[in-house]
Each structure stands twice: as C-alpha cells, then as structure tokens.
**Q** 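First, the structure itself, so that you have it in front of you.
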Amino acid sequence: MKSLIPLRRPGAEVGDRHEERAEFSVEPFDLYGRHHVVTKAEADVAVTRLSEGLHLEVLVTAMVLTTCDRTLDPTELELEFGDSELLSGPDEPELSVQDWTIDLARYTRRALPTEVPMQVFAPGSEPVEPEDDGDEVDPRWRGLDDLNVSGF
C-alpha cells in the first residue's frame with residue numbers, strides 16, 4: 001500500500017510521461033449523519049514533464065461502505081473522481097502535493113465529501129416517485145369551481 005507518489009523523475013526531459021498505479025488506505029469518516037468506511041482505494045497517476053513544471057492526472061476509484069437511507073442496511077458505493085492540473089511549483093495544497101510528492105490518502109480524504117451523495121439507497125430500495133397527474137385538480141375541490149371572488 002503506497003500513499004505517497006513522487007512526481008518528479010531525475011533525468012526526465014520535456015514530454016516524458018510516467019504512469020503509476022497505487023493501492024492505499026483511507027481513514028473512515030462521518031458525513032450527512034452516517035459513518036463511511038473506505039474498503040478499497042486505488043489511484044492511477046500520470047505525470048508529464050513540461051518546460052515549466054509538470055502536468056498531473058489523477059484518477060481515484062474508492063469503494064465506500066455506508067448505510068442505506070431507506071432500510072439502514074449496509075450498502076457499498078463505488079466512487080470515481082480525479083483531477084488534471086498543471087503544477088508550476090513543488091507545492092499544491094488543493095491537490096495534496098508537497099515537495100513534488102502527492103499524498104493520495106490526503107487527496108482522497110479531501111475529495112470524498114464532495115463525491116458521496118447526500119442520500120444513499122441500496123439497490124432495489126430507491127425512493128418511489130409519486131405519479132405525475134399534471135395539473136389535475138383534486139376532486140374534493142371541484143365544489144369551489146363555481147365560486148366567484150370579487151369585490152377586492
């Protein structure tokens with residue numbers, strides 16, 4: 001399990017690209033009143049050397065164990081997210097890059113709260129949408145159709 005990935009390669013020339021795949025662990029977290037456990041996390045990292053820095057591409061796939069909002073049964077989400085950015089310097093806090101090294105666990109912890117949906121439903125327990133009756137008036141109000149409001 002490798003959370004820290006060095007981005008610079010000694011001797012790399014402009015246009016050189018290297019890719020790395022890493023599996024790493026992420027601490028559990030609480031969000032929207034539910035406890036979430038990351039059961040598996042892996043990332044594909046691609047770095048291209050540019051004349052004025054590096055181009056970084058990160059794609060994370062995380063399996064998150066949580067509970068269904070309808071049944072409270074355990075359910076697992078597969079989330080995929082990432083970034084594609086130009087790094088002109090050795091540090092980029094938004095991407096969890098420090099001294100030309102990305103911390104995948106920290107990057108994932110920062111991104112997960114925006115990726116987990118507010119409502120989670122186990123397969124087969126999705127919310128039921130009411131039938132759309134359009135503009136049909138409830139028949140109990142039909143007796144009011146003949147009333148004419150005037151005088152205002």
Side-chain angles (χ1 to χ4, degrees), residues 1-139 141:
M1 294 225 191
K2 187 176 177 183
S3 176
L4 299 175
I5 305 289
L7 302 177
R8 292 186 82 178
R9 299 282 183 193
E13 296 185 20
V14 174
D16 286 352
R17 178 182 170 99
H18 72 275
E19 298 178 6
E20 194 162 336
R21 174 170 270 220
E23 207 172 298
F24 55 97
S25 60
V26 180
E27 296 174 12
F29 60 100
D30 292 328
L31 182 67
Y32 307 128
R34 289 188 308 271
H35 188 68
H36 300 70
V37 177
V38 179
T39 58
K40 182 179 180 181
E42 59 185 23
D44 291 313
V45 178
V47 181
T48 305
R49 175 77 168 101
L50 305 174
S51 60
E52 308 241 349
L54 302 174
H55 181 257
L56 171 66
E57 296 175 52
V58 180
L59 180 64
V60 175
T61 304
M63 298 300 289
V64 179
L65 183 63
T66 187
T67 54
C68 173
D69 281 332
R70 174 158 286 172
T71 65
L72 300 179
D73 291 334
T75 189
E76 197 165 43
L77 299 171
E78 181 176 354
L79 302 172
E80 191 173 272
F81 52 92
D83 277 296
S84 177
E85 294 287 333
L86 169 67
L87 301 176
S88 57
D91 299 322
E92 178 54 57
E94 290 293 316
L95 296 174
S96 300
V97 173
Q98 185 175 12
D99 195 26
W100 298 111
T101 301
I102 186 167
D103 184 338
L104 293 171
R106 187 172 355 131
Y107 172 80
T108 302
R109 274 194 313 273
R110 291 183 72 166
L112 274 174
T114 61
E115 299 298 324
V116 173
M118 289 183 73
Q119 291 187 315
V120 176
F121 297 101
S125 68
E126 286 82 14
V128 178
E129 297 293 327
E131 291 184 28
D132 184 22
D133 293 336
D135 291 333
E136 189 174 312
V137 177
D138 187 324
W141 293 97

**Q** Not counting sequence neighbours, which residues clear ring-ring contact (aromatic ring centres under 6.0 Å, His included) with Phe81? List them please.
**A** none
**Q** Check side-chain hydrogen bond (donor to acceptor under 3.5 Å, both in side chains) between Ser3 and all other residues, then give those that pass, not counting sequence neighbours.
**A** Asp103
**Q** With sequence neighbours excluded, tell me which residues meet side chain to side chain contact (heavy atoms under 4.5 Å, CB included) with Glu80.
**A** Leu59, Thr61
**Q** For Pro74, which residues count as a side chain to side chain contact (heavy atoms under 4.5 Å, CB included) partner, sequence neighbours excluded?
**A** Leu65
**Q** For the residue pair Pro90 and Val97, what are the closest heavy atoms and their distance?
**A** O-CG1, 3.5 Å
**Q** Would you name the heavy atoms of Ala22 and Leu104 that are closest together and state the gap between them?
**A** CB-CD1, 3.9 Å
**Q** Would you compute the distance between atom CG of Leu95 and atom CG of Leu87 and round it to the nearest 0.5 angstrom?
**A** 6.0 Å
**Q** May I have all residue pairs that pass side-chain hydrogen bond (donor to acceptor under 3.5 Å, both in side chains) and include part of residues 104-117, sequence neighbours excluded?
**A** Asp83-Tyr107
**Q** Any ring pair (Phe, Tyr, Trp, His ring centres under 6.0 Å) involving residues 34-76? Give me the pairs, sequence neighbours left out, ordered by first then second residue.
**A** Phe29-His36
**Q** Can you name the residues that form a side-chain hydrogen bond (donor to acceptor under 3.5 Å, both in side chains) with Thr39, not counting sequence neighbours?
**A** Glu76
**Q** To check you understand the geometry: which heavy-atom pair defines the closest contact between Cys68 and Thr75, and what is its length?
**A** N-CG2, 3.9 Å
**Q** Does the side chain of Leu7 come within less than 4.5 Å of Val45's, by heavy atoms?
**A** yes
**Q** Closest approach of Ala62 and Val38, non-hydrogen atoms and distance?
**A** CB-CG1, 4.4 Å
**Q** With rounding to the nearest 0.5 Å, note down the distance linking CD in Glu20 to NZ in Lys2.
**A** 4.0 Å
**Q** Kindly indicate whether the side chain of Phe24, heavy atoms from C-beta on, has any atom under 4.5 Å from the side chain of Val60.
**A** yes
**Q** Going by the rule side chain to side chain contact (heavy atoms under 4.5 Å, CB included), which residues pair with Glu13 if we only count those two or more places apart in sequence or in a different chain?
**A** Asp16
**Q** When rounded to the nearest 0.5 angstrom, what is the spacing between CD1 in Ile102 and CG in Leu54?
**A** 11.5 Å
**Q** side-chain hydrogen bond (donor to acceptor under 3.5 Å, both in side chains) with Arg34: which residues, sequence neighbours excluded?
**A** Thr66, Asp69
**Q** Using salt bridge (charged side-chain N to carboxylate O under 4.0 Å, His left out) as the criterion, list what pairs up with Arg8, not counting sequence neighbours.
**A** none
**Q** I'd like to check the side chain to side chain contact (heavy atoms under 4.5 Å, CB included) partners of Ser25; sequence neighbours left out, ordered by chain and number.
**A** Met1
**Q** For the atom pair CG (Asp99) and CG (Leu4), what is the distance rounded to the nearest 0.5 Å?
**A** 11.0 Å
**Q** Can you list the residues that meet the side-chain hydrogen bond (donor to acceptor under 3.5 Å, both in side chains) rule with Glu19, with sequence neighbours excluded?
**A** Arg17
